[in-house]
**Q** 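First, the structure itself, so that you have it in front of you.
As a basis for the values below, the full set of heavy atoms in this structure was taken, side chains included, without hydrogen atoms, waters or symmetry mates.
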Amino acid sequence: MRQLAGGMVSKAVFPGSFDPVTVGHMDLIRRAAGMFDELIIGVLVNASKKPLGTLEERVAILEELVQDMPGVTVQPFTGLLVDFVQETGAVAVVRGLRTAVDFEYELPLAQANCHMNPQADTVFLATAPEYSYISSSGIKEILAFHGDVRDMVPESVYRWLQTKCQDKRYD
């Protein structure tokens with residue numbers, strides 16, 4: 001077990017709406033889990049997005065996907081990320097970056113979070129190139145036009161999407 005100065009266990013939060021969970025999310029979760037003793041996947045409600053799944057469904061899906069990953073847990077949260085980070089005792093926030101546009105969006109948020117809670121730094125992980133085109137919002141758009149998202153989401157998420165969108169064809 002890695003420990004930080006003062007004997008603290010390294011703990012990070014990976015926040016997101018995860019609607020739906022993608023293979024890119026899972027790659028980032030696996031990589032971040034290897035960097036910290038504990039990784040808390042913080043599932044939030046994004047008021048600006050229309051979700052496919054309820055908060056409870058998204059939490060349950062992620063819990064199933066990470067059940068064999070030591071040190072990884074899933075927790076829903078509402079409100080400010082910095083408050084959630086403080087409540088969990090985390091020392092870092094993990095964010096994935098697919099493009100320079102993501103960095104331009106994420107950097108000011110990381111700086112604002114640091115201003116509100118200097119104890120929690122943001123760690124940016126570059127998305128693996130093979131997943132850089134995948135986003136949850138893109139998957140929802142593809143689904144709206146009956147496209148195949150099978151290789152963009154874990155198998156269990158694909159099955160869940162089929163039940164959520166029974167009137168659509170995904171073969």
**Q** Looking at side-chain heavy atoms only, is the closest gap between Y158 and D148 below 4.5 Å?
**A**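 Yes, side chains in contact.
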
**Q** To the closest 0.5 Å, what do you measure between CG (N117) and NE2 (H115)?
**A** 11.5 Å

**Q** So if you build clusters from Ile, Leu, Val, Met, Phe, Trp, Tyr with side-chain heavy-atom gaps below 4.5 Å, do V93 and V91 land together?
**A** no

**Q** Examine M26 and V13 and state if one hydrophobic cluster contains both, with Ile, Leu, Val, Met, Phe, Trp and Tyr joined whenever side-chain heavy atoms are less than 4.5 Å apart.
**A**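 Different clusters: M26 never reaches V13 through Ile, Leu, Val, Met, Phe, Trp or Tyr contacts under 4.5 Å.
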
**Q** How long is the straight-line distance from CG of L44 back to CD1 of I41, given to the nearest 0.5 Å?
**A** 12.5 Å

**Q** Report the distance from atom OH of Y133 to atom OG1 of T99, rounding to the nearest 0.5 Å.
**A**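 The OG1 atom of T99 is 15.5 Å from OH of Y133, to the nearest 0.5 Å.
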
**Q** I need the minimum non-hydrogen distance between T88 and K11, along with the two atoms involved.
**A** O-NZ, 2.8 Å

**Q** CG of L80 to CD of E87: how many Å apart, nearest 0.5 Å?
**A** 10.0 Å

**Q** So do the side chains of K140 and P20 get within less than 4.5 Å of each other, counting heavy atoms only?
**A** yes

**Q** Is the count of non-hydrogen atoms from other residues, nucleotides or ligands lying under 6.0 Å from Q86 atom CD greater than 12?
**A**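 Incorrect, the count does not exceed 12.
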
**Q** What is the distance from atom CD of Q75 to atom CD of E63, rounded to the nearest 0.5 Å?
**A** 9.5 Å

**Q** Between D37 (side chain) and S10 (backbone), is there a donor-acceptor pair under 3.5 Å?
**A** yes

**Q** Please confirm whether the backbone N or O of D19 pairs with a side-chain atom of R58, one donor and one acceptor, at under 3.5 Å?
**A** no

**Q** In the single-linkage hydrophobic clustering (I, L, V, M, F, W, Y; side-chain heavy atoms under 4.5 Å), do F77 and I40 co-cluster?
**A**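 Yes, F77 and I40 fall within the same hydrophobic cluster.
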
**Q** State, with a plain yes or no, whether a side-chain heavy atom of H25 is found less than 4.5 Å away from one of P154.
**A** no

**Q** When rounded to the nearest 0.5 angstrom, what distance separates CD1 in I134 from CG in D27?
**A** 10.0 Å

**Q** Using the rule that Ile, Leu, Val, Met, Phe, Trp and Tyr join whenever any side-chain heavy atoms are under 4.5 Å apart, tell me whether F18 and V72 fall into a single cluster.
**A**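 The answer is yes; both residues are in one hydrophobic cluster.
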
**Q** Under the criterion side-chain contact (heavy atoms from CB on, under 4.5 Å), which of V23, T22, L62, I61 is the partner of V157?
**A**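 Checked V23, T22, L62, I61 against V157; only one passes side-chain contact (heavy atoms from CB on, under 4.5 Å): I61.
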
**Q** Take a 6.0 Å sphere around OH of Y105 and say whether it holds more than 12 heavy atoms from other residues, nucleotides or ligands.
**A** no

**Q** Identify the heavy atoms of L97 and E106 that sit nearest to each other, and give their distance.
**A**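 So the minimum-distance heavy-atom pair works out to CD2-CG, 3.9 Å.
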
**Q** For E141, I'd like to know if atom CD has over 12 heavy atoms of other residues, nucleotides or ligands within 6.0 Å.
**A** no

**Q** Indicate yes or no: at least one non-hydrogen side-chain atom of F84 is less than 4.5 angstrom from one of P15.
**A** no

**Q** Does the side chain of V94 come within less than 4.5 Å of L28's, by heavy atoms?
**A** no

**Q** State plainly whether the residues D102 and R95 are in salt-bridge range, i.e. N to O under 4.0 Å.
**A** no

**Q** Would you please test L52 and W160 for side-chain contact (heavy atoms from CB on, under 4.5 Å) and show each step?
**A** CA-CA 10 Å; L52 282 173; W160 174 76; 4.2 Å; yes

**Q** One pair to check against side-chain contact (heavy atoms from CB on, under 4.5 Å): M35 and L125. What are the steps and the verdict?
**A** CA-CA 11 Å; M35 297 171 69; L125 291 179; 3.9 Å; yes

**Q** Taking the side chain as everything from C-beta on, heavy atoms only, tell me whether R98 gets closer than 4.5 Å to Y131.
**A** no

**Q** If you look at every heavy atom in A110 and F124, which pair is closest and at what distance?
**A** CB-CZ, 3.9 Å

**Q** With a 4.5 Å limit on heavy-atom distance, are the side chains of L65 and S156 in contact?
**A**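 The answer is yes; the side chains approach within 4.5 Å.
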
**Q** With side chains defined as the heavy atoms from C-beta onward, is the minimum distance between V66 and L39 less than 4.5 Å?
**A** no

**Q** Any chance you could lay out the side-chain contact (heavy atoms from CB on, under 4.5 Å) test for V21 and I29, step after step, and finish with the verdict?
**A** CA-CA 11 Å; V21 179; I29 290 167; 5.6 Å; no

**Q** What heavy-atom pair brings G138 and S135 nearest, and what distance separates the two atoms?
**A** N-OG, 2.9 Å

**Q** So F36 and V123, side-chain contact (heavy atoms from CB on, under 4.5 Å) or not? Walk me through it.
**A** CA-CA 11 Å; F36 298 94; V123 175; 4.2 Å; yes

